[in-house]
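Written out below as C-alpha cells is the structure these notes cover.
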Amino acid sequence: MDAPIPSRGARTAGTAPLLELRSLARAVRLPGGEVLEILRGIDLIVQGGEHVSIVGRSGSGKTTLLNQLGLIDRPTGGTVLFDGQDSTRLSDRRRARLRGESVGFVFQQFNLLEGRTALENVMMPMLYGTARQFWGREKAAMEMLERVGLAGRAQSKPNRMSGGEQQRVAVARALVRRPRLILADEPTGALDVTTGEAVMALLDEIARESGAALVTITHDLQVAALSDRSFLLDGGVLHTVDRDAARGALAGTAGIRAGRGAVGASNAAGVAGASDAAAAPERGAR
C-alpha cells in the first residue's frame, strides 16, 4: 500500500494528523447486480490549519468523497482516521456526535432556513450542542455574525439578503461551534467572481486563525489555486495537482477576465464611435 499523501504543514512530533484516509474505497451495487466503484484506494493526510482543495468534474465522486470526509457515509473499504481515531469502527451514534462536534459544512446553495433570521440560522447548530453552548448560543452567533461582517443584518431573513450575504451567514453557521474540520462544497458556485473570492478569503482566514483544517470540494481551478495543496479526483482516484500549475491557471484566468474587460471597453468605444459616425452625415446636411 502506498503511503498517504502527506501535508505540507509542519507536524508536531507524536501528534496525529487531524484527518487521514488509508486506501479508502466506496462502491455501490447497481440494480442489475454490477458493482460500481466510485472511490478507489484513496490515501490522504490533512493537518489542522491546512487548506486542501479537491477538484473534479461533475460525476467524478466529489460528493461521495465529501460524505466520507464529513463522516456522513461509511466506506466499503479502507479507513478514515479522525484525530487518530478510526471512525469506521464507531457506532452511528458516536460518529454523529463526533461529526456534530468537530465538522462544519458550507454548501453551495446555502441551505438557510427561509423563515428564520440570520441570527436564528447561525444559532441553529448550537441547539444540538452542549448545555453551555445552548445557553450561550445567541452571544456566540452574534460574535460570529460580527466576524463575517453581518452584525447589522442579524434580524434580516434570507429573502432580504444578497447571495454573498447569505453565503456569509452559511459560513458563520458552519463555524459557530468552532469545528476542527471545515468542509466547503462548491462554496462559490452560486456567487459572482468578486463575491466568491471574498467568501474564500474569509473561510481561509477564519480557518487559519482557529487552527481548523479547510477542505474545499470544487470544479473551479480559481478556487483550487487558493489552497495550500490541490488534488484532482478522476476515475475514483486522487491525483496530486502541481501547486504552481494551479496558480498559473488562476493567473491565466485572471488575465482572461482582464482581457474581457478590455474587449468590453473597446466594444463600448466602438459603438459610441459608430453612433457618432452615423450622426455625422445628418449634422453635415443641416
Side-chain angles (χ1 to χ4, degrees), residues 18-19 48-52 66 69-72 82-83 96-218 223 226-227:
L18 177 62
L19 187 66
E50 185 179 24
H51 182 181
V52 171
L66 176 77
L69 296 171
L71 309 181
I72 294 174
F82 195 99
D83 201 18
R97 181 175 179 179
L98 179 60
R99 181 173 62 248
E101 292 175 345
S102 304
V103 185
F105 295 88
V106 181
F107 301 100
Q108 175 181 351
Q109 298 301 331
F110 318 141
N111 290 345
L112 300 180
L113 299 175
E114 290 295 332
R116 304 284 184 174
T117 65
L119 179 62
E120 290 169 334
N121 269 282
V122 177
M123 286 194 299
M124 195 61 62
M126 310 291 280
L127 298 175
Y128 308 97
T130 64
R132 183 176 182 179
Q133 290 176 334
F134 178 84
W135 293 112
R137 64 190 184 281
E138 184 169 349
K139 179 182 178 182
M142 276 302 303
E143 288 176 350
M144 191 54 67
L145 281 173
E146 183 175 1
R147 183 68 186 81
V148 301
L150 289 176
R153 302 284 275 154
Q155 299 306 319
S156 298
K157 294 183 179 180
N159 63 354
R160 305 295 295 176
M161 307 178 80
S162 68
E165 287 174 330
Q166 290 183 58
Q167 187 62 299
R168 279 188 282 163
V169 172
V171 169
R173 180 186 59 190
L175 301 180
V176 71
R177 292 184 69 178
R178 306 291 179 179
R180 300 179 63 198
L181 172 64
I182 304 167
L183 297 176
D185 184 15
E186 300 284 6
T188 64
L191 304 175
D192 60 79
V193 172
T194 301
T195 304
E197 289 174 351
V199 166
M200 286 308 305
L202 177 65
L203 267 175
D204 199 50
E205 179 183 354
I206 294 178
R208 290 186 186 280
E209 286 179 0
S210 63
L214 171 61
V215 179
T216 305
I217 308 293
T218 183
V223 174
L226 299 173
S227 63

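- Separating the CE atom in Met124 from the CG atom in Asn111 is a distance of 12.5 Å, to the nearest 0.5 Å.
- For the pair Leu98/Phe82, a side-chain contact is recorded, criterion being any heavy-atom separation below 4.5 Å from C-beta on.
- The side-chain heavy atoms of Asp185 and Val106, taken from C-beta on, include no pair separated by under 4.5 Å.
- In terms of heavy atoms, Pro179 sits closest to Ala174 at CG-O, 3.3 Å.
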*Assess whether side chain to side chain contact (heavy atoms under 4.5 Å, CB included) is satisfied between Val52 and Glu50, documenting all intermediate values.*
CA-CA 6 Å; Val52 171; Glu50 185 179 24; 3.9 Å; yes
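- Remark: Glu186 CD to Ile217 CD1 distance equals 8.5 Å, nearest 0.5 Å.
- Leu145 contributes atom CG, which lies 8.5 Å from atom OG1 of Thr117 (distance to the nearest 0.5 angstrom).
- By the 4.5 Å heavy-atom criterion applied to side chains, Phe105 and Arg99 are counted as neighbours.
- Listed here is the closest heavy atom pair of Val199 and Gln167: CG1-CG, 3.8 Å.
- A salt bridge does not link Glu101 with Arg178: every distance from a Lys NZ or Arg NE/NH1/NH2 to an Asp or Glu carboxylate oxygen is 4.0 Å or more.
- A distance-only check finds a donor-acceptor pair linking the side chain of Gln166 to the backbone of Met161 [under 3.5 Å].
- Nearest heavy atoms, Glu138 versus Met123: CA-SD, 3.5 Å.
- Nearest approach of Leu112 to Arg173, heavy atoms of both residues: CD2-NH1, 3.6 Å.
- The backbone N or O of Arg160 sits less than 3.5 Å from a side-chain atom of Arg153, completing a donor-acceptor pair.
- Atom-to-atom distance recorded for Ile182:CD1 and Ser210:OG is 5.5 Å, nearest 0.5 angstrom.
- Among residues two or more places apart in sequence or in another chain, the salt bridge (charged side-chain N to carboxylate O under 4.0 Å, His left out) test is passed with Asp204 by Arg208.
- Environment of CD in Glu205: crowded, with over 12 heavy atoms of neighbouring residues, nucleotides or ligands closer than 6.0 Å.
- Using a 4.5 Å heavy-atom threshold, the side chains of Leu113 and Glu120 count as separate.
- Considering OG of Ser156 and CG of Leu119, their distance stands at 11.0 Å, rounded to 0.5 Å.
- Taking the charged nitrogens against the carboxylate oxygens, Lys157 and Glu114 have no contact shorter than 4.0 Å, which rules out a salt bridge.
- Residues Met200 and Thr216 meet the side-chain proximity criterion, which asks for heavy atoms closer than 4.5 Å.
- Nearest heavy atoms, Leu181 versus Leu69: CD2-O, 3.7 Å.
- Nearest heavy-atom pair across Arg180 and Leu18 is O-CD2, 3.0 Å.
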